[in-house]
Amino acid sequence: MIEKQVDIATTSGRMDTFICHPERRGPWPGIVFYMDAPGIREELRDMARRLATVGYYVLLPNLYYRAGRGTALDQSALTEGSPERERMWGLLRNLSNELVAEDTQALLGFIDRQGELRKGALGCVGYCMSGPFVFTVAGRFPDRFAAIASIYGAALLTDRPDSPHLLAPRIKGEIYFACAEIDKYAPLPLIGKLKSELERAGTKFEIEIYPGTEHGFAFPQRHCYHKAAAETHWERLFDLFGHRLR
C-alpha cells in the first residue's frame with residue numbers, strides 16, 4: 001500500500017489530505033472519502049485503506065482545514081456535553097454544501113494531474129455529516145461522479161435553499177443510501193420523503209434500511225458498531241464501485 005499526506009490548494013487555503021492506493025497494477029479509479037463530524041482519525045484512515053486494497057486511489061480530505069492544517073478532534077468528541085463535542089459542532093457549523101463543493105472542485109483539479117489515478121469516472125462516499133456533501137457533489141459535478149454512497153447521511157432533505165435533494169434531477173451517476181433503522185439525524189419518515197423526491201427526479205438510486213442499527217453502525221470504534229451491518233455496507237460499496245467504475 002502506498003500512503004501519503006498532501007496539501008491541496010483550494011480557494012480557502014490548503015486542504016491536508018490523506019491518500020492511499022495499491023502498489024501494483026495501477027492506474028486506479030479514484031474515490032473521494034468524505035469524513036464524518038468527528039473528523040480525521042486513524043479509524044477513517046483504516047476505512048480508506050480498506051477501499052484502496054481492492055484497487056482504488058482513495059483521497060480522504062480534512063474538511064476542517066479552514067480551522068488550521070491538521071485540525072482534529074479527540075475521542076471525547078463523541079461524549080455529549082464535552083468541550084470537544086461543542087468544538088465539533090462549531091467546526092461542522094462552519095461547513096456548508098457550497099464550501100464542500102468548492103473544495104471538491106480543487107480535489108478534481110488535483111485528481112486530473114495524478115498519473116497513478118485512472119482517467120474517467122469517479123466515486124465518492126460520505127458518512128454522517130458528509131451524506132449531504134456527496135449528494136451535493138453528485139449534482140454539482142454530474143459528469144465526474146458515477147458512483148455515490150451516503151452512509152447514514154444527515155440533512156439529506158431540508159427546507160433550506162441548499163438542500164441536496166434539489167440537485168437530484170442533475171445526477172447522472174448511481175447513488176446509494178445506507179440508512180440506520182434508528183437515527184435521530186435521519187428518521188425513517190424523512191427517508192420516505194427522500195425516496196419520493198428521488199423517484200420524482202428520475203434519479204438512479206437505492207435506499208437500504210439496516211435493521212437493528214443506529215447512526216454510526218459502520219465505525220468499528222463506535223459504541224453502536226454493528227459488525228454484520230458494517231460488513232454488509234462494505235459489500236454494497238464494493239459492488240457499487242465495482243460495477244460503476246471498472
Side-chain angles (χ1 to χ4, degrees), residues 33-38 47 63 77-81 85-86 88-101 123-140 142 145 147-219 222-237 239-240:
F33 186 131
Y34 293 84
M35 69 191 206
D36 65 329
M47 294 171 77
L63 299 178
L78 299 174
T79 303
E80 292 288 348
R85 190 164 183 83
E86 290 307 307
M88 180 189 80
W89 290 126
L91 289 166
L92 191 157
R93 283 191 291 270
N94 285 328
L95 283 178
S96 67
N97 294 336
E98 179 61 31
L99 286 175
V100 174
C124 62
V125 58
Y127 294 77
C128 180
M129 75 167 187
S130 286
F133 299 158
V134 298
F135 200 174
T136 295
V137 302
R140 290 287 294 272
F145 290 102
I148 306 100
S150 164
I151 314 301
Y152 36 81
L156 298 171
L157 187 155
T158 73
D159 57 4
R160 298 190 298 268
D162 70 341
S163 180
H165 83 279
L166 299 174
L167 294 171
R170 297 186 57 188
I171 295 173
K172 296 180 181 179
E174 180 178 349
I175 186 164
Y176 171 73
F177 297 90
C179 303
E181 183 177 19
I182 303 166
D183 192 341
K184 64 181 180 181
Y185 303 110
L188 294 184
L190 183 143
I191 299 303
K193 293 178 182 177
L194 174 65
K195 181 175 184 289
S196 297
E197 292 292 337
L198 292 166
E199 288 173 341
R200 186 176 298 113
T203 308
K204 184 174 179 58
F205 76 97
E206 179 185 358
I207 293 175
E208 184 171 13
I209 309 299
Y210 284 63
T213 63
E214 300 177 38
H215 183 89
F217 67 80
F219 295 130
R222 201 68 61 89
H223 77 280
C224 56
Y225 177 61
H226 191 298
K227 185 173 183 178
E231 290 303 310
T232 298
H233 120 278
W234 284 116
E235 180 183 338
R236 299 294 189 267
L237 289 181
D239 177 63
L240 174 66

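It should be emphasised that the depicted structure is a prediction, and the values quoted were computed from it without experimental measurement.
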message: In the structure I gave you, are the side-chain heavy atoms of Ile191 and Phe177 within less than 4.5 Å of one another anywhere?
response: no

Notebook entry, point to check: Under 3.5 Å, is there a donor-acceptor pair between the side chain of Thr203 and the main chain of Phe205?
Noted result: no

Tightest non-hydrogen contact, residues Cys124 and Tyr34, listed as CB-CE1, 3.8 Å

Stepwise side-chain contact (heavy atoms from CB on, under 4.5 Å) check, Leu167 with Asn97
CA-CA 11 Å; Leu167 294 171; Asn97 294 336; over 6 Å; no

Those residues at least two apart in sequence (or on a different chain) that pass side chain to side chain donor-acceptor pair (under 3.5 Å) with Glu206 are none

One should read off an interatomic distance between Ile182 CD1 and Phe217 CZ, to the nearest 0.5 angstrom, of 12.0 Å

On a heavy-atom basis, the closest approach of Ala168 and Ala201 is CB-CB, 3.8 Å

dist Glu231:CD -> Arg236:CZ (nearest 0.5 Å) comes out at 12.0 Å

What donor-acceptor contacts under 3.5 angstrom involve side-chain atoms of residues 126-136, with partners at least two apart or in another chain?
{"unit_1": "Tyr127", "atom_1": "OH", "unit_2": "His233", "atom_2": "NE2", "d": "2.7"}
{"unit_1": "Ser130", "atom_1": "OG", "unit_2": "Met35", "atom_2": "O", "d": "2.5"}
{"unit_1": "Thr136", "atom_1": "OG1", "unit_2": "Pro132", "atom_2": "O", "d": "2.7"}

Residue pairs meeting side chain to side chain donor-acceptor pair (under 3.5 Å), one or both in residues 175-195, sequence neighbours left out, come to Tyr176-Glu208, Tyr176-Tyr210, Asp183-His215, Lys195-Glu199

On a heavy-atom basis, the closest approach of Ala180 and Leu188 is O-CD2, 4.0 Å

Applying side chain to side chain donor-acceptor pair (under 3.5 Å) to Glu80 and not counting sequence neighbours gives Arg85

Partner of Cys179 under side chain to side chain contact (heavy atoms under 4.5 Å, CB included), picked from Thr213, Ile209, Leu194, is Ile209

In short, Cys224 meets Gly216 closest at the heavy-atom pair SG-C, 3.6 Å

Value for CD1 (Ile171) from CG (Leu198), rounded to nearest 0.5 Å, stands at 7.0 Å

Report yes if the side chains of Pro38 and Arg222 come closer than 4.5 Å at any heavy-atom pair, otherwise no. yes

So CG of Leu190 and CD of Glu197: to nearest 0.5 Å the spacing works out to 10.0 Å

Residues Val137 and Ala101: closest non-hydrogen pair is CG1-CA, 4.4 Å

| request: Determine whether Val125 and Leu240 make a side-chain contact, defined as any pair of heavy atoms from C-beta on separated by less than 4.5 Å. | output: no

Sorted by chain and number, sequence neighbours left out, side chain to side chain donor-acceptor pair (under 3.5 Å) with Arg170 holds for none

Exercise. Under a 4.5 Å cut-off applied to non-hydrogen side-chain atoms, are Tyr152 and Glu214 in contact?
Worked result: no

Sequence neighbours excluded, the answer for side chain to side chain donor-acceptor pair (under 3.5 Å) partners of Ser163 is His165

For Leu156 and Ser150, the nearest pair of non-hydrogen atoms, with its separation, is CD2-OG, 3.8 Å

